[in-house]
Each structure stands twice: as structure tokens, then as C-alpha cells.
Amino acid sequence: MRSLQAEGVKTIFGYPGGAIMPVFDSLYDYTRGDNPVFNHILVRHEQAATHAAQGYARVSGQTGVCLVTSGPGATNTLTGVADAMMDSTPLVVIAGQVSVGALGTDAFQEVDLVGLAQPISKWSYQIRRPEDVAWAVSKAFYIARTGRPGPVVLDFPKNAQIHETEWQPQHVNFIRSYEPCPALDMEAVRMAADIINHAQKPLALIGQGVELAGAHQQLREFLEKADIPAARTMLGLSALPSSHPLNMGMLGMHGNYAPNVKEQECDVLIAIGMRFSDRVTGRPDTYARQAKVIHLDIDRSEIDKNVKTTVAVVADCKTSLPAITRLLEKADHTEWKQSFTPLYQEEYERVIRPALLPHEGPLLMGEVVDAVAKATKGEAVLVTDVGQNQMFACRYFQFKHHRSVVSSGGLGTMGFGLPAAVGATFGAPQRTVCLFTGDGGMQMSIQELGTIMEQQAPVKMILLNNNYLGNVRQWQDMFFRGRKSFTRMQNPSYELVASAYHIPYRVVTDRKQLADAVQQMLNTDGPFLMECAVREEDNVLPMTPPGKSVDEMLLEI
């Protein structure tokens, strides 16, 4: 507890059990009284603890903390650990373990957590002696939060929990062979600036690295001085305000048409804090072959991994961006920026307007997202589950502030949304948190309504219910001859479920009810579940089919 306090921890998400009981017993004294040190949130499943800690970390900029028991308690966290690793989320998981003397005996609830976690974490370590607790905790937080953030797992045998030692505070700020922030290579900076100064059609790709570095102002100064149009990855959506004149939309398989097409036309591609995911590049052997590629990233292993670079600037982008900006000439790329407009208009007429302004028929997912976005005026935090709800929400929500997007990107974890939204309410208690989820993802973590009930976490839940695993159903229709193999779902009565958890509820079956229901949801203190009965076979468009180039996006099916 003292070590966690020394790291500035305020909130812990956890679930007690036999092998971690001594730690929870100590926690008791730190959560009582007029000025408790910690706020412990009792989740209903250990995987939810990790996702809640992720949501907390993503909106607050702090390290998320989980406290769980051994065996299944520990293994239940591994999906969240892998998710945090893929999405660069700082997370420390502390898990109980059987005593050192019982290791290797197949003792009750024993599992090799260090071995399991090693490939999917930045560091995993077993604390075998009480003397090592302070050092291990400090090192865990240092690794989790520095450089490219990520998850750390501490395996805590019971003997180390119950034996005594004189606690001495530790402060780890250096690890041999670990270089969290590489020194800026000024020659690479000069080369990058020279290429940008000679560019006729530059395009910037903005990733979550800008959010993690807190480089929002540096990004704007860079883009505005060189007059560079920019597109954002899904996790980088709020790194640049939606209304910024240089914002050209979202990249990726279901991103906006113009930036995806223009990736294949630009002469200089500047990737900032993003990893060239396959969902962004499409077919890699045809991706941006005409462009010189400048890659700004803190993680050297990302350079040339998926896309060959012309110049790599390996550093924190809060450092590299201003260094490049100082060497840039003031530019004007009006004609190049205007060339995006016809492509946007084509997408608007064929995809966006039909999705947001339907005249008849069932509700559409896009119009629900649009209604909530307009009502929250870009001020809310967007949390999504995974699937069609995620794509529609990310396409049509609006952002004014940074750290406003919480979604499972790299791992695509269904069930992420509900606990992540709980965590976000604790990480940004002053902001409205809107969760968009599908009926499939909702049922994967529905037990966390119990956490919401107990904490009165003010999550505004928008359930887009189409009675399908919608994303898989769309692919089945497009690529598997419409054979809907086990994607239709029989749902419970969400009204009764909400009632059982004492959560206010309203169902929307007609678009005439939508605006009023959204206002009721936002005006209600605490949590609210708004279920929207949407068109069963609504599709997310545009879409780059698998194996196709990014400029082969489909605007209709």
C-alpha cells in the first residue's frame, strides 16, 4: 500500500480471493476514514478490472491498477493485458500467487502467470521476498508509464505478502538496457524537414502516440505552419479537434473515403505516433508506393516493420514535432487540400447523408450516433465496444478535447466497452461518458452493470440492438454468400435487466422518439441505458475489402 501510494495511485480496480487476501486486508485501512488514500472499485469479473483500468488510464493519462487473486483470477486478466499491450495503455496488474514453497506442485489455484504474461506485457515479474516489494512496484510503474506505455504484471506469492520487512521507499528511474525515450537524432530531423519543405502533396497520419505524449499543441503548430492536411487513426481521433480545418477524417478499413484515396496520391506521408496497422494500410505491397515516408515514433521496433520509411525520427513526438517545426518553411497547400473536397462530397452523398438523414424505415446506427454527438457538442468522452457499433461511433462522433476516445483497437476485444466506460467515469469524473455498444458486446460483460449499480457510475449507455453479431454478419453477407452462421442473437429483455440493477432505462423504436430520449439520458444523474432498436442488416460503409488497396474502398455493397 505504501509503495502504491508513493506512485501516486488513487484508484484501484480489483476482485479479492484467497491468494491476495493479505493485500486486501491491508487495503482495508487505506480505504476508510475521512481521507481515504485509495478508492477501490469492486468489479464483477477480473477481465473487467483490466478494461476498467484501461478506460481510467486512457482518459486520465495515469497508470491503471488492478488487484486480483491467483489462478483463474490472474488468467482472467490476460485478455486485458494483451489489449493494453496492443494499444499502448499503461497498466499494472498485481496478482496473488501460492507461496514460493508450493510453486511447481500444482497447488490450488497455481498458474505460471509470469510465463503466461511475458509475451503480452512490457514486463512480468514474481516478487518472492517482502524486501523486494518496494523496488518491484516502483520498477513496474516506471516501465508501464515511460517510453511507449504498456502493461506490467506482478506475481505476488503469499509468503512475500505475509512476512515482515522494514519498508524503505524506492524510486526506480533507470534500467540498464531500457531506453524509454531515445535521444533525438538531429540529422533525421533535418532530413525530415527538408523533405516536407519540398513536398507538393503532403499528408499527415495522426495516431494515438500524439495523445500519449500530450503533444496536441505541438501537432497543431506543425500542421498549421506547413499547411498539411491530416487524417487520424481510430485511437488518434481526438488528437486533433474534429472541426480543425486540416482534419480530413479517419483512416482505415471503415474510415473516410478522401484520406484513404489520397494516401495513394500524396508525395510525402508523415506518420506521427502510429504503427501502420493492417486496418490502415490495406494491402501492404500497394500502400503509398509513390510517397516518401517519414515516420515519427518513440518505439524503434515499429520503424520499417510494416511500411518502409524514407526517414525515421525515433523519439517522443512531443520532442520531435517542435524540432521539425522549427526547420519548416511556411507553406500553402490550398490546391492539394481542395482536392479532398470532391471525394468527401461523393462519400457524403452516397454514404453519410443516407446514414444520418433517413426518411423512413427503422432507426440506423449512424443517426443514433449523430444525435448523441450533436447533443453532447463534442464535449463527451466516447467509449465503444467492438464491431459495427464501434465503427459507426468512431465515424460520426465529434471531438473538441484530447483523450476523448476509449476503444479496443489492436486486439478488438468484445466486452471491452462496459467496464472501460466505468473506468473512464473515474478517470474523468467531470466529463460525460457515452458508451456505444452492440447487443453482442453488451452480453459479454453484462455483469458489470452490478459495478455500475454499486458505484452509481454515470455511464450513458447507448445500446445499438440489431439482434445480430453485426460485423460478422456483414462479412458473411459480403464474402460468405450470405450464409449467416450463428450470428443472429436472441436477446434478453434489457428493460428487465436494467430494472434488476436499478438503472434508468428507455427504449427507442422510432426516430421521432430519439431526440427526446437522448436528452432524457443526458439529463439523468448517474447511469442510464438507452436501447435503440436499429435496422437489423445495416452495414458500415465505406469499406476496404480484405486483400484490397486502400483506394479500392467500396461506397456501397
Side-chain angles (χ1 to χ4, degrees), residues 1-33 35-47 49-50 53 63-78 80-81 91-118 121 123-144 151-172:
M1 295 304 106
R2 291 181 184 180
S3 298
L4 292 177
Q5 187 177 5
E7 295 299 328
V9 173
K10 296 289 191 291
T11 304
I12 300 170
F13 301 90
Y15 202 95
I20 198 67
M21 209 175 295
V23 176
F24 267 91
D25 185 62
S26 293
L27 178 63
Y28 184 89
D29 295 326
Y30 285 79
T31 56
R32 296 297 188 271
N35 295 296
V37 175
F38 303 121
N39 183 21
H40 177 269
I41 312 303
L42 177 65
V43 295
R44 299 307 189 259
H45 191 283
E46 292 90 354
Q47 182 178 332
T50 59
T63 301
V65 180
C66 305
L67 190 60
V68 300
T69 194
S70 65
T75 57
N76 281 345
T77 68
L78 292 177
V81 171
L91 189 68
V92 172
V93 175
I94 302 170
Q97 180 60 281
V98 301
S99 293
V100 167
L103 290 171
T105 67
D106 290 333
F108 179 66
Q109 291 191 335
E110 178 196 357
V111 69
D112 179 9
L113 180 61
V114 171
L116 288 168
Q118 214 155 29
S121 63
W123 186 52
S124 60
Y125 181 77
Q126 189 173 78
I127 307 172
R128 292 188 166 216
R129 306 183 310 152
E131 294 87 346
D132 296 332
V133 170
W135 166 82
V137 170
S138 182
K139 184 174 179 179
F141 277 85
Y142 176 65
I143 292 174
V152 170
V153 175
L154 293 178
D155 193 37
F156 201 6
K158 203 165 186 179
N159 63 287
Q161 298 177 43
I162 61 175
H163 292 171
E164 293 187 352
T165 188
E166 191 69 28
W167 183 78
Q168 296 291 335
Q170 299 282 329
H171 180 60
V172 175

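- Across all their heavy atoms, Thr50 and Gly80 have their closest contact at OG1-CA, 3.2 Å.
- Lys158 contributes a side-chain N or O that, together with a main-chain N or O of Gly18, makes up a donor-acceptor pair within less than 3.5 Å.
- Tested against Pro151, the residues Val93, Leu91, Leu78 include a single side-chain contact (heavy atoms from CB on, under 4.5 Å) partner, Leu91.
- By the 4.5 Å heavy-atom criterion applied to side chains, Val37 and Thr31 are not counted as neighbours.
- At a threshold of 4.5 Å between non-hydrogen side-chain atoms, the residues Leu42 and Pro16 count as touching.
- No donor-acceptor pair under 3.5 Å is formed between the side chain of Asp132 and the backbone N or O of Ile127.
- For the atom pair OG of Ser121 and CD1 of Ile143, the computed distance is 9.5 Å after rounding to the nearest 0.5 Å.
- Here Ile41 contributes atom CD1 and Thr11 contributes atom OG1; the two are 6.0 Å apart, rounded to the nearest 0.5 Å.
- Put simply, CG on Leu113 and CG on Asp155 are 4.5 Å apart, with the number rounded to the nearest 0.5 Å.
- Taking all atoms of both residues into account, the shortest heavy-atom contact from Ser70 to Gln109 is OG-O, 3.0 Å.
- Taking each heavy atom of Val111 and Gln97 in turn, the nearest pair found is O-NE2, 2.8 Å.
- In this structure, the side chain of Gln118 does not engage the main chain of Trp123 through any donor-acceptor pair within 3.5 Å.
- Under a cutoff of 6.0 Å and an axis angle of 45°, Arg32 and Tyr28 form a cation-pi pair.
- Two residues are said to be in side-chain contact when any heavy atoms from C-beta on lie closer than 4.5 Å; Leu103 and Asp112 fail this criterion.
- Annotation for Ala49 and Cys66: closest pair O-SG, 3.3 Å, computed over non-hydrogen atoms.
- A side-chain N or O of Ser3 and one of Trp167 form a donor-acceptor pair less than 3.5 Å apart.
- One N or O on the side chain of Gln161 and one on the backbone of Ala19 form a donor-acceptor pair closer than 3.5 Å.
- When the options Val137, Val23, Leu67 are evaluated for a side-chain contact (heavy atoms from CB on, under 4.5 Å) with Phe156, the one that passes is Val23.
- Inter-residue side-chain proximity for Tyr15 and Thr69 is flagged as unmet; no heavy-atom pair is nearer than 4.5 Å.
- Looking only at distances, a side-chain donor or acceptor of Asn159 sits under 3.5 Å from a matching main-chain atom of Arg128.
- Ser99 OG to Ile162 CD1: the interatomic distance, rounded to the nearest 0.5 Å, is 5.5 Å.
- For the pair Thr165 and Pro130, the tightest heavy-atom approach, listed with the atom from each and the gap, is CG2-O, 3.6 Å.
- Checking side-chain atoms of Gln5 against main-chain N and O of Arg2 turns up no donor-acceptor pair under 3.5 Å.
- The CG atom of Leu27 lies 13.5 Å from the CE atom of Met21; values are rounded to the nearest 0.5 Å.
- Judged by distance alone, the side chain of Ser138 and the main-chain N or O of Val172 form a donor-acceptor pair under 3.5 Å.
- Ring centroid separation for the pair His40 and Phe24 comes in under the 6.0 Å cut-off.
- Legend: residues meeting ring pair (Phe, Tyr, Trp, His ring centres under 6.0 Å) with Phe141, ordered by chain and number and at least two apart, are absent.
- Phe38 has its side chain within reach of Met1: a pair of non-hydrogen atoms, C-beta onward, lies under 4.5 Å apart.
- Under 3.5 Å, the side chains of Asn76 and Gln47 contain no donor-acceptor pair of N or O atoms.
- Every residue two or more places apart in sequence or in another chain that forms a ring pair (Phe, Tyr, Trp, His ring centres under 6.0 Å) with Tyr142 is listed here: Tyr178.
- When side chains are defined from C-beta on, Leu4 counts as touching Ile12, because their heavy atoms get closer than 4.5 Å.
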